Novice: 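Input: one structure, supplied below.
On a predicted model such as this, the values are computed, not experimentally measured, just so you know.
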Amino acid sequence: MENKLKIRKFKDKAFFIAVCAFSALAAVPLVAIIVKVVMKGYKQLNMDFFTETSPTTFEAMIAKASGSLIPGGVLNGLTGTLIMVGIAAVISIPFGIMCGVYLSEKPKAAFSGLIRFLSELIQGIPSIIVGMIVYSWIVLPLGSYSALAGGVSLAIMMLPLVIRSTEETLKMLPSSLKEAGLALGCSYKSVILKILLPSAAGGLFTGVLLAISRVMGETAPLMLTALGSTLVNWDVTAPTSALPLLIWEFYNDPNLVDMIWSSSLLLLVIVLLLNLAAKAIVNKRRTA
Amino acid sequence: MDAETQNNIILKFDDVSISYTPGVNAVKNVTADIRKNSITAIMGPSGCGKSTLLRAVNRMHELYPHITTTGKILINGIDILKTDPIKVRRMAGMVFQRPNPFPTMSIYQNVIAGYSLNGINLPKQEKDAIVEECLRNVGLWDEVKDSLNKKGTFLSGGQQQRLCIARALALKPDVLLMDEPTSALDPIATNRIEDLLVGLKDQLTIVIVTHNMSQAARISDYSMFMYLGDLVEFDSTQKMFTNPNDKRTEEYLNGRFG
Amino acid sequence: MRDRIFKSLLFLSSLLILFISGGIFYSLFSGSVQAFDEFGIIGFITSGEWNPNPGNEQYGALPFIAGTIATSFVALILCIPFSLPVALFNGEYFRGKKIAGVLGTVVDLLAGIPSVVYGLWGFYVLRPIVSSLGLSEQGLGIFTASAVMAIMIIPYAASLSTEFISMVSNELKEGAYSLGATRMEVIKSVIFPACGSGIFASYVLALGRALGETMAVTMLIGNTDNIPTSLFDTGNTMASIIANQFGEASGLKLSSLIAIGLLLFIITALINLLGKMIIKKFTK
């Protein structure tokens, strides 16, 4: 009996230690990836990196032969990401919030159930398939890869995220809030626009930040829609680059391979900061 | 106290204090002796520390690291605060406020859970005997003997609570701690459990927390009255209900607060 | 009056979802017709031939279906020994503590890292290790892709399981402790049985994530059109063949790639649906 208890307690302790050890191991990849990207990427980060467009293979070859840093930067990727995420935001934020309001106003209706179901379905679609679809919707009719097509594919991925976070945030507001507004004789529209949405602003903002950080690193759909470009391009109907697309291009070009780490570092910093900002807002609201 | 009564003491609280936040005691310096084969009721208004005191005996506070217990609690002379909680919990069984049969286990498995959870493999025959004996003890055998393999959660609330008592009895504890065991039950189910407890008295010692004064009057031999963490009065139930020493006890029993 | 306009505006915006999903179904189905006409649906799914040479073009999805299933399941298995401890750490042992919040944030950030960065890391860090161990010549293949994918899905599996584990009621756990069980015994005999279907659903949803993962897999799986025969063999997944060959495809090949997209869409949708149904049933 005494012996058996000792064995059980030993097992209990061993199990606990194993849980802690494997949990710690799960955190290792994040650190390993960040360390690797920072160590190999920081050297390339200079002023040019943000103000110059990406170099050609030839320029890179010459620089490498003379032993200097590869010239150029990722300006075309930064502007492209800005345009496409901008297009995605302009489409998905208003429509997503309106749709989220609709769902939270009619939570039990069969039609709402269908919309919710389809929204979850779209959220689960592999991003490469979204790229394929938008290719046939926009690239083929326009006859060219474009920032517009890239933006739309990102918008399709953002939309369900915005809808969901809007609905969840609104669901958490007390119903007395709406009743109070209606009791004062406000119209339905002003109750929603002036009372509900402002009260939910923090939650909506968090949802949008997370959605943006999620699509900002997307590469696969952009390969099939925006294609990429070596120039800074403001024409939304022309092929356009993006930060993750540049990483993919650098990876595929042996002469440019040195650029992958610095561009990854930049992308990682932006995406992780967006994530942390969203998390900080959530935590602040929770403790406030 | 003479030697004979001393021998009759199974559970002893010696200057026990319990706090949830440092500096604030939910139970303050409680000292009391519980006699063997008796039913002792702990009464008092909500928040008086009665459940807190009871749970300390089963070392339940161990699960929540911010709770500290000081003083001594002795079962059969063993200081349980210095003993392995796993051993303590087998000396003192516990029945909770709301019936909590394990939802994924059958009735049979629930009764025997104390053994299977502890990794003790008994021969089938022995297990069958324990299950039958314990279910008979709680008067559940005739009701469930044909559905031992059904989930315990299919039973009514009162039956579930009796199953939980059977589960605690299976480990043959010296003391059975009950934390308002009938507060979630209807009067008929409550009645059955009260009868059952009186019948169990010659097998073990029962300490029951209740805010139902008439329940305490019906079944208990001794009563404790606690108020704001203090043990105000501890005496035979008869004495306390007819002629309480303390004014607060009298006011509580007369329904002035609580 | 203006309220009515506003209300119809809300309604119209929800129609957008209907149009997008309708459009996706339509485009996938109509795009696949040519391939299914040519090879038959069953024929397309069961054929292992992928031959783009003009004249004797022949396309079958089997190698990619096999590659997808192999990488996703290996990734799922590899992720369990890490995601389950994280869920226990955050949902049981250190529930509500600061350290759980830190680990939770770290694991959540794993979900924030772009797929292409995972691909790079896998290619430049993990691949040389696999190769130097002599497991495969180039270090590319099913295993390398799965290992990186396992890291990518840890956050999805862990955060949902954490929630389900922390939902198990204290009453139930106290019941088991009061019988003298150790913490491990409580976890094994009470917590896991009580929330097992929820944990299972978390892994089903993580699988749904893995099935559609594209960039990292494309960079690590070796991109060959054969049915993989071992853990260290190269191959292609349904997502990676589309990423690799869609750009230059037309005609029958394009239709075949869209048909693969349709199949992938159906598989992921079914898996996600299954996961959500289990959760709905569990939380009711």
Novice: More than 12 heavy atoms of other residues, nucleotides or ligands under 6.0 Å from CD1 of Ile42(C): yes or no?
Specialist: no

Novice: Around atom NZ of Lys72(B), are there more than 12 heavy atoms of other residues, nucleotides or ligands at under 6.0 Å?
Specialist: no

Novice: Among Val95(B), Asn100(B), Val88(B), which residue forms the greatest number of heavy-atom pairs with chain C at distances under 4.5 Å?
Specialist: Asn100(B)

Novice: Rounded to the nearest 0.5 Å, how far apart are OG of Ser178(C) and CZ of Phe96(B)?
Specialist: 4.0 Å

Novice: Could you check whether any side-chain heavy atom of Glu174(C) comes within less than 4.5 Å of a side-chain heavy atom of Met94(B), counting everything from C-beta outward?
Specialist: no

Novice: So does Lys172(B) have more than 12 non-hydrogen atoms from other groups sitting under 6.0 Å from NZ?
Specialist: yes

Novice: Tell me, please, which residues at least two apart from Arg136(B) pass salt bridge (charged side-chain N to carboxylate O under 4.0 Å, His left out).
Specialist: Glu132(B)

Novice: Identify the heavy atoms of Phe102(B) and Leu172(C) that sit nearest to each other, and give their distance.
Specialist: CE2-O, 3.5 Å

Novice: Among Leu171(B), Leu177(B), Asn118(B), Thr104(B), which residue forms the greatest number of heavy-atom pairs with chain C at distances under 4.5 Å?
Specialist: Asn118(B)

Novice: Look at atom OH of Tyr20(B) and say whether more than 12 heavy atoms of other residues, nucleotides or ligands are closer to it than 6.0 Å.
Specialist: yes

Novice: Using a 6.0 Å cut-off, check whether atom OH of Tyr115(B) has over 12 heavy atoms from anything other than its own residue.
Specialist: yes

Novice: Considering only heavy atoms, which portion of Ala92(B) lies under 4.5 Å from any heavy atom of chain C: side chain, backbone, both, or neither?
Specialist: backbone

Novice: Chain C heavy atoms under 4.5 Å from Arg167(B): which part of the residue, side chain, backbone, both or neither?
Specialist: both

Novice: With rounding to the nearest 0.5 Å, note down the distance linking CG in Asn58(B) to CG in Leu179(C).
Specialist: 9.0 Å

Novice: So which heavy atom on Arg90(B) is nearest to which on Gly180(C), and how close?
Specialist: CG-CA, 4.4 Å

Novice: Within a 6.0 Å radius of atom NZ on Lys201(B), are there more than 12 heavy atoms belonging to other residues, nucleotides or ligands?
Specialist: yes

Novice: So for Pro101(B), is it side chain, backbone, both, or neither that comes closer than 4.5 Å to the heavy atoms of chain C?
Specialist: backbone

